[in-house]
Amino acid sequence: MKRFFKIWMLLGACLFLAACSGDGTWGWYVIDPSTAQGQTNIRFLVGGFWATIQLSLIATALSMTIGLLVALPGMSSNRWIRLPSRVYIEFVRAIPLLPMLFWVFYGLPVVMRSLGFPITIDAFWGAIITLAISDSAFTAEIYRSGIQSIPKGQTEAARTVGLTYSQTMRYVVLPQAIRRILPPLANQFIYIVKMSAFASVIGMQELTRRANELVVTEYRPLEIYSLLILEYLVLVLIISFFVRWLERKMGADESR
Amino acid sequence: MNADRVIEIRSLNKSFGDFQVLTNVDLNVSLGERIVICGPSGSGKSTLIRCVNGLEQYDSGGITVDGISLSAPGGVDRVRAEVGMVFQQFNLFPHLTVIENLTLGPMKARGLSRKDADALAMEYLERVKIPEQAQKRPRDLSGGQQQRVAIARSLCMAPKIMLFDEPTSALDPEMISEVLDVMVELARDGMTMLVVTHEMGFARKVADRMVFMDGGEIVETGTPAEVFEAPKTQRFKSFLDKILQH
Ligand SMILES: Nc1ncnc2c1ncn2[C@@H]1O[C@H](COP(=O)(O)OP(=O)(O)OP(=O)(O)O)[C@@H](O)[C@H]1O
Ligand SMILES: [Mg+2]
């Protein structure tokens, strides 16, 4: 309930500021839904939603896959199998998102070409690859702690009834660990949604990019960025509502 | 090699870091033989039987189970197919029902159909006398029932050898006998068994041979009649005095 209160507060503040637009210091007219120009602008800004969501969803799905592939060898008892996974996680965590984005977008195609794989990476996939890699270090750790929370006896029992390593993971360990893995993974989705704003820098037409473009033509940064923040707020609050629900459901399952 | 000999353990050594857990352990087990292993806490009993199905790795020496060397390529998997194991903490799969606990191995590792696996599982649940619990979750069962489910789960894989690691230590006293009864029956059916337990009544009833371990070594072996009558070593004698007292 408190969360909704905050939204209404913000909306109220916006409306109040909009009311001041007559005196010339405010320019809420740029996003005034009662005028044709305001409607066009709003439609342009809100049009970035789909790209942001698409970007975040695909990046999250990729990150979840990469994270699992990194986490599993990271738990091996053999240190040489463990090592690459540890190195990957430490490495990726250390690199800031923006430089990585530049490197993937401008540098990776060059590397691939020189390796004999001439590919082009557009802004959409450049952003997805970067977000997925950068987030995968965190998802890997989420998998690891979730899987390690399952007692060793479970794996041992599974192996003694003849299951292979992957069958043990699939039928015994992961179904039990999922309760501890899913809520934090959903939380990472929020993180990705917020980080996807960086995709604007390489020209991806998502929420932030559209706001930037409109600011350039309308010269109303305060009003436009306020709406931008509101857009993220709505998006993130909806997702976090879902995360809470998931946490409650998983928690209830556990005590069953 | 003696054709009858299903487990051969030769001068086994193992340490955890600097700590030597097993020192030159030799033990041979014949088909159908029931062996009870006892010894003070930390003497290496669990480690020894966990080496037999590859849950622990050893540093030197060798183990051969039913002619398969554990160190051969794929040896561990082949040995595990012959060896069942029952743990002190049951280690049932809490997210599955009792019958699903039993059918998981047969279906995934043996490729049985659900129908065949269910029939097999019910047969073994009858044998451990809890067919009516088939659809429950493990946590809704008493400790004694859970351990019987664990035994049935192992039996579903038709093992040639069964390992028990203190199967009754985690149980309330009134549930111990229901589990031991199942084990006695298993012994009567001719199962080869390696049992770590301090239940001396059980040992007397079913053991062909007792193995006493202390400090990572096998200190003494003998038939129950021999050792209960007159243990050869002072260490075994004082151990028996201690556990038979209470
Ligand atoms: N994974 C491990 N890492 C380090 N030390 C271990 C490990 N497992 C066992 N040990 C040590 O090895 C020794 C033997 O352990 P083991 O479990 O085989 O003894 P045990 O005879 O089964 O004792 P208990 O009657 O308490 O079950 C103990 O001192 C124990 O602390
Ligand atoms: Mg033990």
- Output, in order, the C-alpha distance, side-chain angles, deciding distance and verdict of side-chain contact (heavy atoms from CB on, under 4.5 Å) for B:H95 and A:I178. CA-CA 11 Å; B:H95 61 300; A:I178 203 80; over 6 Å; no
- Task: Verify the neighbour count for atom CZ of B:F16: are there more than 12 heavy atoms of other residues, nucleotides or ligands below 6.0 Å?
- Result: yes
- Item | Neighbour count above 12 (heavy atom, 6.0 Å) for A:R86 CZ | yes
- Query: Would you say A:F91 has more than 12 foreign heavy atoms packed within less than 6.0 Å of its CZ?
  - Reply: no
- Taking only residues two or more places apart in sequence, or in another chain, which ones meet B:M157 in a side-chain contact (heavy atoms from CB on, under 4.5 Å)? A:V161, B:P106, B:A109, B:R110
- Task: Drop me the distance from A:L163's CG to B:F93's CZ, to the nearest 0.5 angstrom.
- Result: 6.0 Å
- Task: Indicate yes or no: at least one non-hydrogen side-chain atom of B:N91 is less than 4.5 angstrom from one of A:K152.
- Result: no
- chain A contact via B:F87 - side chain, backbone, both or neither, heavy atoms under 4.5 Å: side chain
- Any side-chain heavy atom of A:S77 sitting closer than 4.5 Å to one from B:Q57? no
- chain A heavy atoms under 4.5 Å from B:V86: which part of the residue, side chain, backbone, both or neither? neither
- Are side-chain heavy atoms of A:E156 and B:M85 found at a separation under 4.5 Å? no
- Note on the structure: Those residues at least two apart in sequence (or on a different chain) that pass side-chain contact (heavy atoms from CB on, under 4.5 Å) with A:Y171 are A:Q167, B:L104, B:K108
- Query: Measuring heavy-atom distances to chain A, does B:N101 have an atom under 4.5 Å in its side chain, in its backbone, in both, or in neither?
  - Reply: neither
- Rounded distance [0.5 Å steps], OG1 in A:T160 versus CZ in B:R50: 10.0 Å
- Item | Heavy-atom proximity to chain A below 4.5 Å, by part of B:L92 | backbone
